Amino acid sequence: MLMSLLTLLRLSFLTVMVIIWKGDKLIDGVPETLDMLRSKGKRLVFVTNNSTKSRKQYGKKFETLGLTVTEEEIFASSFAAAAYLKSIDFPKDKKVYVVGEDGILKELELAGFQYLGGPEDGGKKIELKPGFLMEHDKDVGAVVVGFDRYFNYYKVQYGTLCIRENPGCLFIATNRDAVTHLTDAQEWAGGGSMVGAFVGSTQREPLVVGKPSTFMMDYLANKFGIQKSQICMVGDRLDTDILFGQNGGCKTLLVLSGVTSLSMLQSPNNSIQPDFYTNKISDFLSLKAAAV
Ligand SMILES: O=C(CO)[C@H](O)[C@H](O)COP(=O)(O)O
C-alpha cells in the first residue's frame with residue numbers, strides 16, 4: 001500500500017478530501033497529514049455534501065478544530081446550489097424556495113439571489129379544513145432541496161406547488177445521500193429522503209449539484225485551472241466520494257476509517273472500486289521519509 005500512496009502523492013496536484021472529523025472530533029493524525037501534503041506542494045480542498053452550513057460556517061468549524069482552511073478551499077453542497085444557479089444565470093428577479101437549513105440561505109444571499117422558505121417554514125402547520133388551498137409565490141423559479149432536520153408537510157406541499165405549477169421551475173438537490181452519520185450509534189435518513197419526497201410528489205428527477213454529480217469537480221478544476229486527471233479524490237464513502245472522483249475522471253483513494261469497511265469494499269455486491277485504499281488518512285505520514 002505504501003508504494004501506491006507514494007505513486008498517488010507523485011501524481012496528484014490537488015487533493016480533494018472529506019474525512020476530517022467525526023461529529024465534533026478531529027480524526028487522529030489529520031492536522032499533521034494536511035501539513036505534510038501542503039509541504040509537498042499539494043493544493044487541498046474540502047468537499048462535503050452536507051448543506052446545513054455555508055463555507056464561512058465551515059471555516060469557523062475548521063478554526064474551532066485548530067485547522068487553518070480558507071473559505072476558498074471549502075466546497076459544500078450549499079455553495080454548489082448557489083454556484084449552479086449563478087452558472088445558468090438564474091434571473092435575479094426570480095426567487096428560490098429552500099427546503100433545507102441555514103447554509104443554503106447564506107450561500108444564496110451571498111450570490112445575490114432572493115429566497116424564501118428554509119428554517120422559517122420549519123414550524124408551519126397545515127390545517128386541512130374544507131376548501132383550504134395553499135397559495136404559493138408564482139415568482140419562484142427554483143426549488144433547492146437539501147438535508148433538513150425540520151422537514152415537514154408544509155414544505156413538501158409548497159415546494160411541490162412551485163415545481164408543478166410555476167412554468168420552468170427548476171428542481172435542484174444538494175445531494176441524494178440515502179443515509180448520514182448524525183450520531184456514531186446508527187445511520188440516519190439522509191438528504192435523499194427529503195429529495196425522494198419531492199420526486200414522489202412531482203414525478204420529476206432533480207438536478208443534483210453535490211457528489212457524485214460532476215458539477216463541483218468541474219467547478220473546482222476550472223477555478224484552480226488544473227486537469228481533473230491531476231486531482232485525487234480522497235473519501236470514505238463509495239457511492240458519493242469515490243463515485244464523484246470517478247465520474248470526474250480523477251484518481252480516487254478510499255480511507256477505511258469512516259463509513260466503508262474492508263468487507264463492504266470487497267463485497268461481491270459492490271461495484272465501485274477506488275484506485276487505492278488505505279486504513280486511515282494519516283498513512284500518508286509514513287511516506288515522510290520518502291523522496292516525493
Ligand atoms: O446531507 C447529508 C445527508 O444527506 C449529510 O450531511 C452528508 O451525507 C454528509 O456528506 P459528506 O460525507 O460529503 O460530508
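Every value quoted in this text rests on a predicted model; they were computed, and no experiment measured them. Ligands are counted one by one from 1 in listed order, and the atoms in each one are counted from 1 as well. The analysis underlying the following values was restricted to heavy atoms, covering all of them including side chains, and did not include hydrogens, waters or symmetry mates.
- Not a single heavy atom of Thr240 sits under 4.0 Å from any atom of ligand 1.
- Listed by number with element, the atoms of ligand 1 under 4.0 angstrom from any heavy atom of Thr48 are 10 (O), 11 (P), 13 (O), 14 (O).
- Those atoms of ligand 1 that come under 4.0 Å of a heavy atom in Gly190, given as number and element, are 3 (C), 4 (O).
- Lys106 places no side-chain N or O within donor-acceptor distance of the main-chain N or O of Ser78, the cut-off being under 3.5 Å.
- Every atom of ligand 1 with a heavy atom of Lys211 under 4.0 Å away is listed here by number and element: 11 (P), 13 (O).
- A side-chain donor-acceptor contact under 3.5 Å links Ser261 to the backbone of Met264.
- Note: an N/O pair closer than 3.5 Å links Asn49 and ligand 1 by distance alone.
- Among the atoms of Asp177, some N or O lies under 3.5 angstrom from an N or O of ligand 1.
- Using a 30° and 60° split on the angle between ring planes, Phe79 and Phe75 fall in the perpendicular class, above 60°.
- For ligand 1, the atoms sitting less than 4.0 Å from at least one non-hydrogen atom of Gly191 are 3 (C), 4 (O), numbered in the order shown with element in parentheses.
- The N/O atoms of Asp236, backbone and side chain alike, include none that comes under 3.5 Å of an N/O atom in ligand 1.
- Listed for the Asn152 side chain is a donor-acceptor partner under 3.5 Å among the backbone atoms of Gly122.
- Under the side chain to side chain contact (heavy atoms under 4.5 Å, CB included) test applied with Phe171, the options Val199, Thr160, Leu207 reduce to a single match, Val199.
- If you number the atoms of ligand 1 from 1 as listed, the ones under 4.0 Å from a heavy atom of Arg237 come out as 8 (O).
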